[in-house]
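Structure first, then comments.
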Amino acid sequence: MYAIVDIAGKQTKVEANKFVYAHKLAGNVGDEVELGNVLLTDNNGTLSVGAPFLSDIKVKGTILGHVRGDKVIVFKKKRRKGYKKLNTHRQDYTKVMINSIG
């Protein structure tokens, strides 16, 4: 069984007893989190599609930790003008273990 869930504006496929990295969520390590924006579920070939969300299905998980992604280099340059700008970015993520779908 799997579900497609809207987490912080991104659609993510989640399965029970697996973890997923989502954009940073509020909460501490060990806190329970409930994801209510379920778009689709598949239970052994039986699809349930929401319009836009399924109201009776909730996804429950546990926060395992807060991590940071890889560094991304942002470099801007205008040729023959002497303009160069270097910047970097690291995205914050939350590691969530999916406990149950239903």
Side-chain angles (χ1 to χ4, degrees):
M1 179 173 190
Y2 71 89
I4 305 294
V5 182
D6 183 12
I7 305 172
K10 293 209 144 229
Q11 296 178 8
T12 307
K13 180 180 177 182
V14 296
E15 296 181 35
N17 300 323
K18 293 192 177 183
F19 65 87
V20 65
Y21 289 101
H23 286 290
K24 188 167 184 180
L25 300 173
N28 296 323
V29 176
D31 288 351
E32 294 289 323
V33 64
E34 183 174 291
L35 308 171
N37 295 338
V38 179
L39 301 163
L40 178 138
T41 60
D42 179 17
N43 190 2
N44 297 326
T46 305
L47 279 175
S48 299
V49 180
F53 302 118
L54 294 169
S55 60
D56 57 338
I57 304 290
K58 301 288 183 195
V59 175
K60 296 184 181 190
T62 306
I63 295 177
L64 296 180
H66 299 288
V67 295
R68 298 189 79 188
D70 294 335
K71 184 179 281 192
V72 178
I73 296 174
V74 180
F75 183 72
K76 298 178 183 179
K77 179 182 176 181
K78 294 185 180 177
R79 64 183 195 157
R80 297 189 301 268
K81 305 296 182 201
Y83 174 79
K84 289 189 279 185
K85 188 76 167 176
L86 179 69
N87 200 355
T88 57
H89 175 75
R90 289 186 74 183
Q91 184 68 41
D92 293 324
Y93 292 105
T94 301
K95 187 175 181 180
V96 179
M97 173 64 89
I98 304 300
N99 296 331
S100 66
I101 299 172

Starting from the C-alpha separation in whole Å, work towards a yes-or-no answer on side-chain contact (heavy atoms from CB on, under 4.5 Å) for T41 and L54. CA-CA 9 Å; T41 60; L54 294 169; 3.9 Å; yes
Test log, rule side-chain contact (heavy atoms from CB on, under 4.5 Å), inputs T88 and V72: CA-CA 6 Å; T88 57; V72 178; over 6 Å; no
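Transitive grouping of hydrophobic side chains (ILVMFWY, heavy atoms separated by less than 4.5 Å) keeps I98 and Y21 in distinct clusters. Using a 4.5 Å cut-off between side-chain heavy atoms of Ile, Leu, Val, Met, Phe, Trp and Tyr, with links allowed through other members, F53 and I4 fall into the same hydrophobic cluster. The hydrophobic cluster containing L64 does not contain L25, counting ILVMFWY residues as joined when their side-chain heavy atoms lie under 4.5 angstrom apart, directly or transitively.
Proximity of V33 to K60: side-chain heavy atoms (C-beta onward) are nowhere separated by under 4.5 Å.
Rounding to the nearest 0.5 Å places CG of N43 at 8.0 Å from OG of S48. In this structure, I63 CD1 and K95 NZ are separated by 13.0 Å, a value rounded to the nearest 0.5 Å. Taking CG of L40 as the reference point, atom CD1 of I57 lies at 10.5 Å (rounded to 0.5 Å). Put simply, CG on N17 and CE on M97 are 7.0 Å apart, with the number rounded to the nearest 0.5 Å. Atom-to-atom distance recorded for I101:CD1 and M1:CE is 5.5 Å, nearest 0.5 angstrom. Note that CG of D42 and OH of Y2 are 4.0 Å apart. Values are rounded to the nearest 0.5 Å.
For the pair N28 (side chain) and D31 (backbone), a donor-acceptor distance under 3.5 Å is absent. Under the 3.5 Å distance criterion, the side-chain polar atoms of R68 are left unmatched by any main-chain donor or acceptor of D92. With hydrogens and angles disregarded, no donor-acceptor distance shorter than 3.5 Å links the side chain of H23 to the backbone of G9.
Applying the 6.0 Å contact sphere to CD1 of I73 captures no more than 12 heavy atoms from other residues, nucleotides or ligands. The 12-atom threshold is exceeded at CG of D56, counting heavy atoms of other residues, nucleotides or ligands nearer than 6.0 Å. For CD of E15, the number of neighbouring non-hydrogen atoms (other residues, nucleotides, ligands) closer than 6.0 Å is greater than 12.
Across V38 and A3, no two heavy atoms sit closer than the pair CG1-CB, 4.3 Å.
With hydrogens and angles left out, the side-chain atoms of T62 and N99 include a donor and acceptor closer than 3.5 Å.
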